[in-house]
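This report concerns only the one structure given below.
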Amino acid sequence: MKIQKLELRHFGKFRDRTILLGDGIQLLYGENEAGKTTIHTFIKSMLFGMERGRGRAAANDTFSRYEPWEQSGVYGGAIEFTCGGKTFRLERSFGRQVKKADLICLDDGEQLSLADGDLEMILPGLEADSYEDTLYIRQSGAQTGQKLAGELKNFAANYSVSGDARIDLAAAQDVLRSQERQLDRQAKVYMEERQRRREKIEQEASYVWRDIHRLDEELDRVREALELKRIKEERESREQEKERRMIDELRPGGWRIHPLEVLGIILAVIVLFVLIPRPWNYITSVVAALAGGIYIWNRMKVEKKRQKTAPELMLEEITPEEELASAEKLRWEQQHLEEEKKEKQIQYENLQEELTELGELDDIYKEQKNRRSALSLAGERLAQVARDMQTQVRSDLNGAVSDIMRGITGGKYTRLLVEEGAQPVFFQENRRIPLSQVSRGTMEQAYLALRLAAADLLYEEEYPLVLDDAFACYDDRRLANTLAWLAGNREQVLLFTCHRREEEILRRESIPFDLVSLP
């Protein structure tokens with residue numbers, strides 16, 4: 001990508017200002033407050049857009065700082081650039097009321113859409129955060145941080161998995177973790193449902209068991225009643241037989257009292273009356289007659305039954321038909337209770353089988369567990385391959401950084417390695433030299449080499465390098481080497497400066513450049 005034209009219609013201090021840019025080093029010179037930072041902010045806003053802050057933050061945000069000094073006209077502008085052999089024009093309006101963006105291909109007039117991601121497709125991988133960490137260097141701001149380290153790590157992992165760094169490994173891992181969490185939630189819900197079902201079945205089984213116990217008690221009552229009836233019938237039968245035998249014994253021939261017994265009593269009374277002198281014979285005869293009557297009376301009461309209890313008297317009032325009906329009712333109740341108990345026992349056994357099945361792992365749970373294991377294995381494999389590829393990418397990055405460092409230092413430093421956290425470290429004569437032991441200028445060159453190597457690694461397209469007074473710590477020789485290397489290895493470099501030193505060295509070293517004076 002190369003920027004050809006900047007049109008600042010209304011942006012900050014600029015109004016209807018057009019800046020033409022060419023290949024190679026573009027030296028944008030201007031004194032302090034000439035608008036160098038404004039132009040760079042315009043470029044960044046055109047590429048990535050600009051949002052207005054809210055609340056108190058809006059007072060000092062980028063939108064407010066670069067609002068047109070003159071309020072008339074549209075807040076915005078346009079940028080023309082080439083990429084992939086085609087020329088494009090991007091126009092944006094940042095106004096409070098009207099905000100829009102238009103992208104068009106100037107070669108064929110095709111209207112493109114930012115909303116549909118056409119700009120990201122034309123400028124693949126270029127994002128605001130990575131731009132700040134690679135392509136834009138401000139004064140004493142070459143040092144990188146953990147953000148670039150994360151981008152390089154993610155790039156290595158993504159490329160190792162798919163061969164395409166545009167695929168976001170972190171997003172893929174997030175998807176895997178999200179699916180794992182979803183499966184965990186599903187498994188939890190499923191197990192909770194199984195537990196609720198188990199508790200419901202256990203409760204139902206408890207009710208059925210109590211019903212079985214109740215039926216057993218009722219059956220015991222009915223059986224006891226039937227047994228009592230049987231015993232009663234047998235007892236009554238025995239008593240009737242006993243009374244019948246006694247009557248038969250006491251009444252031969254069928255008489256209740258024998259006539260001879262009556263005759264004997266009469267003769268005894270007569271004899272006593274005759275033989276005993278008067279007046280005692282009268283008394284004796286009367287007593288004997290009374291005794292004989294009592295004897296005869298007692299013999300006549302042989303069949304009289306013994307005194308009955310109240311329950312027995314009540315039972316005696318029950319007719320044979322009622323007795324038979326009561327027994328039949330008890331037997332029917334017994335049969336009904338036994339059938340009901342059998343059904344309850346079958347129901348209880350079925351519930352116990354369901355509980356046994358719930359206690360075992362079913363196919364659904366096993367499938368969830370297998371899917372969870374597969375996701376976990378995929379995540380581990382993805383992370384392992386990413387770690388392996390990171391080693392390879394770091395090796396490639398170290399080679400690129402060392403080549404750049406060799407070029408911008410004129411061969412003074414030939415080996416620069418990038419350690420964990422995107423921290424450069426020199427190796428000189430088999431000795432490790434941390435940046436804390438080198439000059440500020442050398443440190444700035446090391447970070448410049450890292451940024452350039454990272455940009456070449458992260459982006460498919462070469463994008464313009466923007467340097468905003470980035471060489472303040474460079475001596476003349478160091479600056480000359482760096483400018484010569486940039487002129488020979490970068491398609492476009494936008495060098496903002498408020499010093500004449502860069503222009504003088506470029507002319508002295510015969511390094512081609514274009515001068516843009518500001519304002």
The test is salt bridge (charged side-chain N to carboxylate O under 4.0 Å, His left out); show your working for E193 and R196 and say whether it passes.
CA-CA 5 Å; E193 179 61 29; R196 284 193 295 269; 2.8 Å; yes

Salt bridge (charged side-chain N to carboxylate O under 4.0 Å, His left out), that's the test. Do R197 and E354 meet it? Break it down for me.
CA-CA 10 Å; R197 185 180 173 190; E354 289 188 43; 3.8 Å; yes

With a 4.0 Å cut-off, would you call [X] and [Y] a salt bridge?
| X | Y | answer |
| --- | --- | --- |
| E51 | K99 | yes |
| K342 | E339 | no |
| R214 | E218 | yes |
| E503 | R507 | yes |
| D23 | K2 | yes |
| R138 | D469 | no |
| D184 | R181 | no |
| E444 | R440 | yes |

Please give me the minimum heavy-atom distance between [X] and [Y], naming the atom from each residue.
| X | Y | value |
| --- | --- | --- |
| D475 | R501 | C-NH1, 3.7 Å |
| L450 | V418 | CD1-CG2, 3.7 Å |
| M443 | L435 | CE-O, 3.4 Å |
| G22 | Q492 | O-NE2, 2.8 Å |

Is the cationic atom of R500 (NZ for Lys, CZ for Arg) positioned less than 6.0 Å from the six-membered ring centroid of Y29 and within 45 degrees of its normal?
yes

With no hydrogens and no angle check, do the side chains of [X] and [Y] hold a donor and an acceptor under 3.5 Å apart?
| X | Y | answer |
| --- | --- | --- |
| Q445 | T482 | yes |
| Y463 | T134 | no |
| E199 | Q195 | yes |

Could you check if a side-chain atom of [X] sits within less than 4.5 angstrom of a side-chain atom of [Y], using non-hydrogen atoms only?
| X | Y | answer |
| --- | --- | --- |
| N481 | I408 | no |
| D107 | F88 | no |
| I25 | D514 | no |
| L6 | I39 | yes |
| I19 | L518 | yes |

At what distance, to the nearest 0.5 angstrom, does [atom1] of [X] lie from [atom2] of [Y]?
| X | Y | atom1 | atom2 | answer |
| --- | --- | --- | --- | --- |
| L119 | L103 | CG | CG | 6.0 Å |
| L416 | F427 | CG | CZ | 10.0 Å |
| I433 | F426 | CD1 | CZ | 8.0 Å |

Look only at the side chain of [X] and the backbone of [Y], and say whether a donor-acceptor pair between them is shorter than 3.5 Å.
| X | Y | answer |
| --- | --- | --- |
| Q4 | F81 | no |
| K341 | H213 | no |
| T442 | V438 | no |
| T356 | Q352 | yes |
| D118 | L114 | no |
| S130 | L126 | no |
| R415 | E429 | no |

Ring-ring centroid check Y131 F48, cutoff 6.0 Å:
yes

Decide side chain to side chain donor-acceptor pair (under 3.5 Å) for S64 and D61; before the verdict, give the C-alpha distance in whole Å, the side-chain angles of both, and the deciding distance to 0.1 Å.
CA-CA 6 Å; S64 299; D61 64 357; 2.9 Å; yes

Criterion side chain to side chain contact (heavy atoms under 4.5 Å, CB included) on M50 and Y75, from CA distance to verdict:
CA-CA 11 Å; M50 179 170 56; Y75 183 11; 3.3 Å; yes

Using a cut-off of 6.0 Å, state whether more than 12 heavy atoms not belonging to E33 lie near its atom CD.
no

Are there more than 12 heavy atoms of other residues, nucleotides or ligands under 6.0 Å from atom CD of Q186?
yes

Would D468 and K36 satisfy salt bridge (charged side-chain N to carboxylate O under 4.0 Å, His left out), going step by step from the backbone distance to the final call?
CA-CA 8 Å; D468 188 2; K36 298 185 297 298; over 6 Å; no

Evaluation steps, side chain to side chain contact (heavy atoms under 4.5 Å, CB included), between M46 and F94
CA-CA 10 Å; M46 293 301 298; F94 307 111; 4.1 Å; yes

From CA spacing to verdict: side chain to side chain contact (heavy atoms under 4.5 Å, CB included), T87, C105
CA-CA 6 Å; T87 303; C105 178; over 6 Å; no

Checking side chain to side chain donor-acceptor pair (under 3.5 Å) for the pair T38/T41: CA distance, chi angles, key distance, verdict?
CA-CA 5 Å; T38 301; T41 302; over 6 Å; no

Decide salt bridge (charged side-chain N to carboxylate O under 4.0 Å, His left out) for D133 and R451; before the verdict, give the C-alpha distance in whole Å, the side-chain angles of both, and the deciding distance to 0.1 Å.
CA-CA 7 Å; D133 285 334; R451 284 172 174 267; 5.1 Å; no

Test log, rule side chain to side chain contact (heavy atoms under 4.5 Å, CB included), inputs T62 and R65:
CA-CA 5 Å; T62 302; R65 286 200 305 270; 3.5 Å; yes

Pairing residues for E462 by the side chain to side chain contact (heavy atoms under 4.5 Å, CB included) criterion, not counting sequence neighbours:
R490, E491

Of all pairs that satisfy salt bridge (Lys or Arg N to Asp or Glu O under 4.0 Å), the ones with a partner from residues 82-91, not counting sequence neighbours
E7-R89, R9-E91, E80-R89, R89-E91

Parallel, tilted or perpendicular, as decided by the 30° and 60° cut-offs, for the rings of F11 and Y66:
parallel

Could you point out which residue of E202, E204, R210 forms a side chain to side chain donor-acceptor pair (under 3.5 Å) with S206?
R210

